[in-house]
S.K.: 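Just passing along the structure, written as structure tokens.
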Amino acid sequence: MSKQGSLLAMNAVTIKDVASAAGVSVATASRVLSGHPATSPDSRAKVESAAKELGFMPNAQARSLRSTKTDSIALLISDVRNPYFSDLAHAVEQHARAAGLMTFIGNANEDAAQQDDFLATMLSRRVDGLVIVPQGLNEESNQPSEMMNRMLSSGIPTIFVDRALPPGVQVPAITANSAQALDEAVATLKSLGHQNIAFVGGPKHASTALERYSAFETALANNGLVGDEALHFVGDFQPASGALAAQWLLENPAKPSAVIIADAPMSIGALRVWRELGVRVGADLSVITFDEVDAMLIHDPPIATIGHDLSQMGKMAVQALREVMAGQKPEPEELISKFTLRPSVAPAKATQVMEGKVRP
């Protein structure tokens with residue numbers, strides 16, 4: 001921070017300070033910081049640079065205007081196309097509505113930069129609280145992003161849902177624990193003769209990806225099976241990476257006879273590839289996926305799942321946020337995931353994936 005920024009940081013930085021530093025009018029600075037489209041790229045660049053240099057917090061202005069409640073909250077989900085998060089958003093919105101709160105929904109698109117854009121906008125908007133599915137850590141620093149830290153220090157009542165950030169981030173989180181369900185899933189596969197079980201996981205900066213793979217490794221050990229990193233594919237919770245994982249599995253020298261996939265979109269991508277190649281789910285390859293969503297239930301055959309009650313998760317998230325809004329400090333809570341066996345899981349064969357299924 002410059003000397004000017006350091007001096008101003010000793011006092012509350014105002015929008016007039018930002019306008020002066022950027023060499024624009026207060027009206028222009030206000031439009032830029034409120035996200036108004038009627039600003040030139042040059043003005044936006046100058047104002048945003050000045051605001052960052054001075055450590056200006058748009059929410060400070062919002063707080064000065066907030067003499068009454070708005071009876072509205074904001075929800076940020078990871079990917080609006082993911083049926084799991086669509087169901088979660090519906091649950092949060094319905095339970096918030098029952099509590100007399102309107103919900104504004106944002107889409108992070110599994111991208112930290114898009115998450116931060118939403119958080120920056122929320123700092124200048126008048127909402128009573130935030131429910132966030134955090135996009136994880138900055139992959140370079142292994143810490144929450146600068147914008148996430150600014151938002152958390154702004155005083156807006158906030159809770160995390162589905163995912164969390166490291167313990168040092170003091171935000172109540174409503175998450176799920178998959179250890180018991182994964183142990184049951186692995187035990188079921190072993191009882192059916194499966195020894196080489198692949199795992200298609202999510203990005204290592206997402207708390208759910210870390211929790212699920214760690215629980216999978218523990219489940220293997222609990223059931224007397226040896227883990228193998230060569231059977232771990234790191235995806236990104238998107239269908240395209242699921243499609244890549246499907247091909248990777250067919251070409252894997254270890255010839256896994258079963259696979260557990262860490263979310264529904266990756267499963268959808270993988271199932272499409274296997275269908276195109278004629279791999280028979282269940283008969284040729286046993287498949288278990290996370291997320292109890294309709295797409296898994298209407299598949300032929302229906303897919304075995306590891307999931308939890310999303311309506312309950314939404315209800316708990318809204319209740320926890322209301323407690324934070326009332327000045328309370330709710331404890332983090334975990335839902336226990338459940339394994340549901342379906343025909344996508346079958347006994348292992350001596351040669352599980354048939355020859356000729358792998359693309360040249």
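This chain uses plain numbering: 1 for the first residue, then up along the sequence. Note: hydrogens, waters and symmetry copies are ignored here, and every other heavy atom, side chains too, is used.
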S.K.: Tell me whether R342 is salt-bridged to E292, with the criterion being a basic N under 4.0 Å from an acidic carboxylate O.
M.R.: yes
S.K.: Evaluate the side-chain proximity of L250 to W274: yes if any heavy-atom separation is below 4.5 Å, no if none is.
M.R.: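 Result yes, sub-4.5 Å side-chain heavy-atom pair found.
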S.K.: How close do S344 and V281 get, counting heavy atoms only, and between which atoms?
M.R.: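 Scanning both residues completely, I find the closest heavy atoms to be CB-CG1, 3.7 Å.
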S.K.: Taking T188's backbone N and O only, do any of them form a donor-acceptor pair with S191's side chain (distance below 3.5 Å, no angle check)?
M.R.: yes
S.K.: Nearest heavy-atom pair of H95 and S311: which atoms, and what distance?
M.R.: NE2-O, 3.2 Å
S.K.: Would a distance-only check, ignoring hydrogens and angles, find a side-chain to backbone donor-acceptor pair under 3.5 Å from S178 to A181?
M.R.: no
S.K.: Testing the 3.5 Å rule here: is there a donor-acceptor pair between the side chains of S78 and Q135?
M.R.: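 Q135 and S78 do have a side-chain donor-acceptor pair below 3.5 Å.
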S.K.: Taking the side chain as everything from C-beta on, heavy atoms only, tell me whether L321 gets closer than 4.5 Å to P157.
M.R.: yes
S.K.: Under 3.5 Å, is there a donor-acceptor pair linking the side chains of Q319 and E323?
M.R.: yes
S.K.: Do F85 and D291 have side chains that approach each other closer than 4.5 Å (heavy atoms only, starting at C-beta)?
M.R.: no
S.K.: Kindly indicate whether the side chain of E217, heavy atoms from C-beta on, has any atom under 4.5 Å from the side chain of H232.
M.R.: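 Heavy-atom side-chain distance check fails, nothing below 4.5 Å.
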S.K.: Between S20 and D17, do the side chains contain an N or O donor and an N or O acceptor separated by less than 3.5 Å?
M.R.: no
S.K.: Would you call the rings of H308 and Y84 parallel, tilted or perpendicular, where under 30° means parallel and over 60° means perpendicular?
M.R.: perpendicular
S.K.: Any side-chain heavy-atom pair from M316 and L335 closer than 4.5 angstrom?
M.R.: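 Yes, at least one pair of side-chain atoms sits under 4.5 Å.
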S.K.: Checking R150 side chain against F56 main chain: does a donor-acceptor pair fall under 3.5 Å?
M.R.: yes
S.K.: For the residue pair F216 and I197, what are the closest heavy atoms and their distance?
M.R.: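 In this case the closest contact between F216 and I197 is CZ-O, 3.7 Å.
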S.K.: Taking side chain as C-beta onward, heavy atoms only, is M313 less than 4.5 Å from V161?
M.R.: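 The answer is yes; the side chains approach within 4.5 Å.
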S.K.: For M151, is there any backbone N or O sitting under 3.5 Å from a side-chain donor or acceptor partner on S154?
M.R.: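 Between the backbone of M151 and the side chain of S154 there is a qualifying donor-acceptor contact (under 3.5 Å).
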S.K.: Treating Q115 as the side-chain partner and P134 as the backbone partner, does any N or O pair qualify as donor plus acceptor under 3.5 Å?
M.R.: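 A pair under 3.5 Å: no.
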S.K.: Under 4.0 Å between a side-chain nitrogen and a carboxylate oxygen: does that hold for E333 and K315?
M.R.: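 Answer for the salt bridge query: no.
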S.K.: Give the C-alpha distance, both sets of side-chain angles, the deciding distance and a yes or no for side chain to side chain contact (heavy atoms under 4.5 Å, CB included) between N223 and L189.
M.R.: CA-CA 10 Å; N223 287 279; L189 290 172; over 6 Å; no
S.K.: Would you say V273 and V279 make side-chain contact, with heavy atoms under 4.5 Å?
M.R.: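 When only atoms from C-beta onward are counted, V279 and V273 do not touch, as no gap falls below 4.5 Å.
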S.K.: Is there a donor-acceptor contact under 3.5 Å linking the side chains of R81 and Q238?
M.R.: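 Indeed, the side chains of R81 and Q238 share at least one donor-acceptor pair under 3.5 Å.
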S.K.: Quick one: are P265 and F237 in side-chain contact, heavy atoms under 4.5 Å?
M.R.: no
S.K.: Return yes if some donor-acceptor pair links the side-chain N/O of T158 with the main-chain N/O of I156 below 3.5 Å, else return no.
M.R.: yes
S.K.: I'd like to know if the side chain of S86 and the backbone of V80 have a donor-acceptor N/O pair within less than 3.5 Å.
M.R.: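 Yes, S86 side chain to V80 backbone: donor-acceptor pair under 3.5 Å.
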S.K.: Please check this pair: side chain of N252 against backbone of A230, looking for a donor-acceptor N/O pair closer than 3.5 Å.
M.R.: yes
S.K.: Give a yes or no answer on whether the side chain of S214 reaches the backbone of L210 with a donor-acceptor pair at less than 3.5 Å.
M.R.: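 Checked: no pair found.
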